Asker: 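Before we start, here is the structure in question, set down as structure tokens.
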Amino acid sequence: LLLTLGLIAAFFILRYGLTALSRILIGGRANEQTRFWIQQSVSLALAVILIVGFLSVWFDDPSRLTVVAGFISAGLAFALQKVITSVAAYFVILRGQIFRVGDRILMSGVRGDVISLGFTRTTIMEMGQPPGERPDDPKVWIKSRQFTGRIVTVTNDKIFDNPVFNYSRGFPYIWEELTISIKYGEKKRKRAEEIILEAAQRHAVDVNAVDEETIERMHREYRVSKADFKPRVYCRLADAWIELSVRFLAREHGSRDVKDKMTRRILDAFEAENVEFAFPTYEVVGAPTVKLISSREEQILNNGN
């Protein structure tokens, strides 16, 4: 017991020392990826040291260790299935490069930025969702990809049961769409398309700003051509109006600001060009005959009856 207490004390001293040393080595020069891997390496090293030290104190006979390890493994496998699966998922996340701290992901219905990754749990700063995206449970009140202020903890084993959507991994851009509806018979339809396309070209990510190496890698690994990076307006015939949808490239953070600037620019241009938006309308094709009578006439009719 004294050796165990000394081991635990030495463990905390070593943990404090390695953590302080890692902060000194990292400083303000390392990026998020380097910081993430250093922190994970320190955590893994400390866990291995603690386990080896505990076994060396309590089990000096290998035969005894084998028997006890068998019983412990059987009990843990039955009682701690979720914990074991979560720890296994932790190594899969590291080895498979599913996500890391700082990535924007959707995991088990939770959207947001990963702020912490532990042996059993992943901590996410929750964000909202724009209208039209797949509904999440629980519901969120922010109608865009901006933080809600809630910190959500998800167990790592969820990666085996549900897909993980990563907004940042490998390609720090996403494709966005903005839809505008105009009336049928609008004489300035082509001008409306030009206005929408000009707004996207002005505020969306410029294809010339994306380095050629990234474009080549996207084409080589994901079969995405360079033409897909350029803004484009698509036209669709709806029941009561014409939908003009512009598809453009945006960064994984800040897409709401881009759509806000585009919307304001389109509104100003439509007002200047007298382009009319389309709204849901109803046409009344028939109505029953209504006869209005005064209270005096009603009394006469009642007395007559």
Side-chain angles (χ1 to χ4, degrees), residues 103-104 106 111-113 127-136 140-148 165-219 222-281:
D103 284 357
R104 174 160 288 186
L106 166 59
R111 302 168 183 265
D113 292 358
M127 69 179 183
Q129 61 180 25
E133 289 194 9
R134 57 192 300 177
D136 293 339
V140 292
W141 59 92
I142 303 297
K143 300 184 182 300
S144 65
R145 299 187 192 95
Q146 290 182 310
F147 296 136
T148 64
F165 299 87
N166 196 320
Y167 294 73
S168 311
R169 190 68 178 173
F171 186 64
Y173 303 97
I174 57 174
W175 278 273
E176 280 277 8
E177 284 193 359
L178 182 64
T179 301
I180 304 294
S181 300
I182 62 175
K183 296 180 178 180
Y184 278 111
E186 175 60 54
K187 298 181 180 179
K188 297 184 178 181
R189 179 180 60 82
K190 293 185 177 180
R191 178 54 186 157
E193 292 186 32
E194 294 175 356
I195 292 173
I196 297 173
L197 184 60
E198 290 172 359
Q201 292 173 342
R202 181 179 182 87
H203 298 290
V205 173
D206 186 3
V207 65
N208 297 320
V210 182
D211 58 279
E212 291 295 332
E213 182 180 354
T214 300
I215 295 177
E216 290 295 331
R217 181 169 55 82
M218 289 294 295
H219 177 68
Y222 306 107
R223 300 296 185 268
V224 178
S225 64
K226 188 174 182 179
D228 293 328
F229 290 82
K230 299 179 180 180
R232 181 178 174 182
V233 177
Y234 294 88
C235 183
R236 190 179 79 89
L237 300 179
D239 294 336
W241 52 73
I242 301 174
E243 285 186 357
L244 300 177
S245 299
V246 57
R247 175 181 168 88
F248 58 92
L249 197 66
R251 294 192 173 273
E252 76 278 15
H253 289 73
S255 60
R256 188 179 195 181
D257 291 334
V258 174
K259 297 176 75 171
D260 174 75
K261 294 176 182 178
M262 289 176 55
T263 302
R264 295 176 185 274
R265 185 176 182 87
I266 292 171
L267 288 174
D268 293 339
F270 273 28
E271 291 178 0
E273 299 283 349
N274 293 322
V275 179
E276 296 185 4
F277 292 94
F279 303 96
T281 57

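Model, not experiment: these values are computed from the prediction.
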Asker: Any chance CZ of R264 has more than 12 other-residue heavy atoms, nucleotides or ligands included, within less than 6.0 Å?
Answerer: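 Counting neighbours around CZ of R264, 12 or fewer heavy atoms of other residues, nucleotides or ligands fall under 6.0 Å, so no.
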Asker: So which atom in V258 and which in F248 form the shortest heavy-atom distance, rounded to 0.1 Å?
Answerer: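 Scanning both residues completely, I find the closest heavy atoms to be CG1-CE1, 3.9 Å.
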Asker: Stepwise, does the side-chain contact (heavy atoms from CB on, under 4.5 Å) test hold for R111 with Y167?
Answerer: CA-CA 10 Å; R111 302 168 183 265; Y167 294 73; 2.9 Å; yes
Asker: Which atom names give the shortest non-hydrogen contact between R251 and I174, and what distance separates them?
Answerer: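 Shortest heavy-atom separation between R251 and I174 comes out as O-CG1, 4.0 Å.
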Asker: Indicate every side-chain donor-acceptor pair of residues 193-203 with a distance under 3.5 Å to a residue at least two apart or in another chain.
Answerer:
from: E193; atom 1: OE2; to: R189; atom 2: NH1; distance (Å): 2.8
from: E194; atom 1: OE1; to: R191; atom 2: NH1; distance (Å): 3.2

Asker: Checking T148 side chain against G128 main chain: does a donor-acceptor pair fall under 3.5 Å?
Answerer: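 Between the backbone of G128 and the side chain of T148 there is no qualifying donor-acceptor contact (under 3.5 Å).
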Asker: Report yes if some heavy atom in the side chain of Y184 is under 4.5 Å from a heavy atom in the side chain of L237; otherwise report no.
Answerer: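 Y184 reaches L237 side chain to side chain.
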Asker: Could you please spell out the steps behind the side-chain contact (heavy atoms from CB on, under 4.5 Å) verdict for L267 and F277?
Answerer: CA-CA 10 Å; L267 288 174; F277 292 94; 3.6 Å; yes
Asker: To check you understand the geometry: which heavy-atom pair defines the closest contact between E243 and S181, and what is its length?
Answerer: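 Of all heavy-atom pairs spanning E243 and S181, the closest is CG-OG, 4.0 Å.
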Asker: Taking the side chain from D211 and the backbone from T214, do they hold a donor-acceptor pair closer than 3.5 Å?
Answerer: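 Between the backbone of T214 and the side chain of D211 there is a qualifying donor-acceptor contact (under 3.5 Å).
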Asker: Just verifying a value: how many Å separate E276 CD and K187 NZ, rounded to the nearest 0.5 Å?
Answerer: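 Rounded to the nearest 0.5 Å, the CD-NZ separation comes out at 11.0 Å.
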Asker: For a salt bridge (charged side-chain N to carboxylate O under 4.0 Å, His left out) check, start with the C-alpha distance between D260 and R256, then their side-chain angles and the critical distance, and finish with the verdict.
Answerer: CA-CA 6 Å; D260 174 75; R256 188 179 195 181; over 6 Å; no
Asker: How long is the span from the CH2 atom in W241 to the CD1 atom in I182, to the nearest 0.5 Å?
Answerer: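 Nearest 0.5 Å value for the CH2-CD1 distance: 12.5 Å.
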Asker: Inspect the surroundings of NZ in K188 and state if more than 12 heavy atoms from other residues, nucleotides or ligands are less than 6.0 Å away.
Answerer: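 Yes.
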Asker: What's the spacing between S255 OG and M262 CE if we round to 0.5 Å?
Answerer: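 Taking OG in S255 and CE in M262, the distance rounds to 11.0 Å.
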Asker: Rounded to the nearest 0.5 Å, what separation is found between the CG atom of D228 and the CG atom of L249?
Answerer: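 Between D228 CG and L249 CG, I get 10.0 Å after rounding to 0.5 Å.
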Asker: Would you say D113 and R104 make side-chain contact, with heavy atoms under 4.5 Å?
Answerer: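 The answer is yes, as the side chains (C-beta and beyond) meet within the 4.5 Å cut-off.
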Asker: Decide yes or no on side-chain contact (heavy atoms from CB on, under 4.5 Å) for V210 and M218, but give the supporting numbers first.
Answerer: CA-CA 11 Å; V210 182; M218 289 294 295; over 6 Å; no
Asker: Using a strict 4.0 Å threshold on nitrogen-to-oxygen distance, state whether R169 and E252 make a salt bridge.
Answerer: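 Salt bridge absent between R169 and E252.
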Asker: CZ/R247 to CZ/R232 distance, rounded to the nearest 0.5 angstrom?
Answerer: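 Those atoms lie 10.0 Å apart.
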Asker: side-chain contact (heavy atoms from CB on, under 4.5 Å) for V205 and F229? Distances and angles first, verdict last.
Answerer: CA-CA 9 Å; V205 173; F229 290 82; over 6 Å; no
